[in-house]
There are 2 protein chains.
Amino acid sequence: MAGIEDVARLAGVSTATVSRALSGKDVVSEKARQKVEEAARELGYIASHSAYTLATGRNRNIGVVMPYVDRWFFSSALEAIESTLIEHGYDLTLYNMSGGAEQRKKIFTDFLLRKRVDAVITLAVHPDEEELAQLDKMKKPIIAIGGQVHGARSLSMNDHDAGKLATEHLLSLGHTRVANISGAVKTDREFNQADKRREGYLEAMHEAGLETRKNWLVEADYTAQGAYKVAKQMLGDPKNSPTAIFANSDEMGFGAMMAAKDLGLRVPEDISVIGIDNHDMAELFGLTTIDQNVRAQGAEAARLLISVLSDPTLDSHVNVEEDVEWPVSLLIRSSTARPAVGAR
Amino acid sequence: MAGIEDVARLAGVSTATVSRALSGKDVVSEKARQKVEEAARELGYIASHSAYTLATGRNRNIGVVMPYVDRWFFSSALEAIESTLIEHGYDLTLYNMSGGAEQRKKIFTDFLLRKRVDAVITLAVHPDEEELAQLDKMKKPIIAIGGQVHGARSLSMNDHDAGKLATEHLLSLGHTRVANISGAVKTDREFNQADKRREGYLEAMHEAGLETRKNWLVEADYTAQGAYKVAKQMLGDPKNSPTAIFANSDEMGFGAMMAAKDLGLRVPEDISVIGIDNHDMAELFGLTTIDQNVRAQGAEAARLLISVLSDPTLDSHVNVEEDVEWPVSLLIRSSTARPAVGAR
DNA sequence: CTGAAAGCGCTTACAG
DNA sequence: CTGAAAGCGCTTACAG
């Protein structure tokens, strides 16, 4: 465990010169640099991170906060965030908020603020005003994915428009009996994402002059299994069954497709299904969807944050509201088509 | 950003007493403790982590290294590891090795060894001798999930036995034409997990005196999509089609089931399918599987590591080989059944 | 271009 | 039980 002293001694220079040579941020003679580099290599020197942090106040570490890590959206975004950060020499400390309010508080105060991270990325987590004020006081910039945060940077898709677009795709095919499987989980309380997607659906239906029956408006927990159950009920109803389903996520779309098939209904001949996400298995299912390119979204958020961190004038505007709308696109596969003649 | 000095001043004691009172590890008079706690609360004092680390050499941070984070096995294990660690007051720094050999080296030296972590958990990553020696020199214990590591602690299922058990389940139902979809990805080069599962399959077939045709031994990339393609080829073969498929993972099992259905084959009447994992969607698919309880496995590994770290005599045996075999169980659902009469 | 030295904010033997 | 002080291992103004 060679320290900077050892390197200095071996190279025949002071520790100051070692530090300068190795960081590359200051002027050092070529000769000194070479001696230092050789000595460092020979000793297998690796700078102590805590000493660096204590001396500079910088961590080169980003905290990432999310409500789940074992769900597709979150793990996909995390993968991209991590790759981007490591590329730029940053570490990533993961905080999973599955533990409820108490744990959340602990994370925001004890952990995040223990001066361990330089900045924070939240996924589908809405920091409240107090949390934001704390972060601001500590000069930690934050960027939110999955919804806008008053007073902070964010990157997110337009959920309302996505819901509307998905619905309009079905309407344009000639469907009039369109149902919506919305989401209803913890995540949602943070940003009302589910509500917004449904609002988009309702707006599209309304603008087309179509009715929306009560039993076309159902909810599930964003899982395939949850959606399977509600879809089966809905599709089995002899009087009210829809000819198309807009599911708030692809996983719920999978569940709806499986429910249809288990009832002997053909997709898309008897029932059309559209989701949101472009999940890894969506192609296999042939699911038409709104592609939100989650990995690119995560990478972009990480990049944004890094560029914010490297702004030397950052102190004056650590957290300012700046909302980037992430573009999505309609990806048509084989789960949607014109309704069968006579259906209705 | 109140420091320990501020607290000391407000409480009217020395910084040494503040440190003792707050850590709770040393004797402090009740009166002093109260004054300190109040002062700390009033100032919103949070100890600097880097100063703590620099002074003590401890990080309270665990590095977790894995080849993917956006695949089910890894994200599920990660979820459990993170929850367990945070419960015990540890942070988790994530290292995703998707970047190839160069990045791997960087992670093991630059990052892990930068004295940022107290210990390491690897998932389906086999540290080589040099990496292990480095870690050992730095007194960082390591625990591997997903395969045994010579000279280190590990926790993993018995892949050979799992492959055999899955196959025997099919044989016990009367199948004689059993195929295996094995895996072949980066992960595998680390531990030959796929080979071991296949060996178990081959052993079961051999012991039952059954032949294993060449086109029953196929490979895919552990994804549903990859397995779909190979399963479709196999099932469509008029002369060689099997009556049962053992897939090395549930996701590949899903792909096989979908391929069968798309060919008009019924599961399990025409074709039985068994996987390994008990993936979140396995119940929905009705897939019979070998449940390896990934989340519990991750939590157990984290717990083991924490107990290793809290052993005061640790220095003498930082990394010793200690292999824990993680138990698995056969979980029978509706994708496996006796072969149809006349099939063959 | 380089070095001596202060300082980052804690912990912990040591002495009392 | 408590405090003064050294020490953890870096970085960086300051002076030369």
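To find a chain, count down the sequence lines: A is the first, B the second, and so on, and within it residues start at 1.
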Would you indicate which nucleotide in D:dG3, C:dC10, C:dA5 comes nearest to any side-chain atom of B:Val13? D:dG3
Nearest whole Å is fine: how far is C:dG3 C1' from A:Lys35 NZ? 13 Å
Donor + acceptor pair across side chains of B:Ser75, A:Asp70 (<3.5 Å): no
Please state how far atom CG in A:Asp6 lies from atom P in D:dG9, giving the value in whole angstrom units. 9 Å
For D:dT12 and D:dG16, measure between their C1' atoms and round to the nearest Å. 16 Å
Paired with D:dA13: which nucleotide, if any, by Watson-Crick or G-U wobble criteria at under 3.5 Å for both distances? none
How many whole angstroms separate atom CD of A:Glu5 from atom P of C:dG3? 13 Å
Which whole-number value in Å describes the distance from B:Leu43 CG to C:dC10 C1'? 16 Å
Nearest whole Å is fine: how far is D:dC8 C1' from B:Tyr52 OH? 13 Å
Nearest 0.5 Å, please: how far is CD1 in A:Ile143 from CG in A:Leu305? 6.0 Å
For B:Leu54 and for B:Thr17, find the nucleotide of DNA chain C with the closest heavy atom, then tell me which residue's nucleotide is more 5'. B:Leu54
Which whole-number value in Å describes the distance from B:His49 NE2 to C:dC10 P? 12 Å
Base, sugar-phosphate alone, or nothing: which one does A:Arg58 contact when heavy atoms must sit under 4.0 Å apart? sugar-phosphate
How many Å lie between CZ on B:Arg20 and P on C:dT11, as a whole number? 11 Å
Testing A:Thr93, A:Asp91, A:Asp118 one by one against A:Asn61 for a side-chain hydrogen bond (donor to acceptor under 3.5 Å, both in side chains), which residue passes? A:Thr93
Name the nucleic acid region contacted by B:Thr56, choosing base, sugar-phosphate or nothing; use a 4.0 angstrom heavy-atom cut-off, strictly under. sugar-phosphate
Answer yes when B:Arg303 and B:Glu300 have at least one side-chain N-carboxylate O distance shorter than 4.0 Å, and no when they do not. yes
Closest non-hydrogen atom pair between A:Gly298 and A:Ile81, with its separation: O-CG1, 3.4 Å
Shortest side-chain distance from A:Ser19, nucleotide among C:dC8, D:dT12, C:dG9: D:dT12
Tell me the interatomic distance from A:Ile4, atom CD1, to C:dC8, atom P, rounded to whole angstroms. 18 Å
Could you work out which one of C:dT2, D:dT2, C:dG3 sits closest to the side chain of A:Ser29? C:dT2
Pick the nucleotide of DNA chain D nearest each of B:Ser14 and A:Ala55; which residue has the one closer to the 5' end? B:Ser14
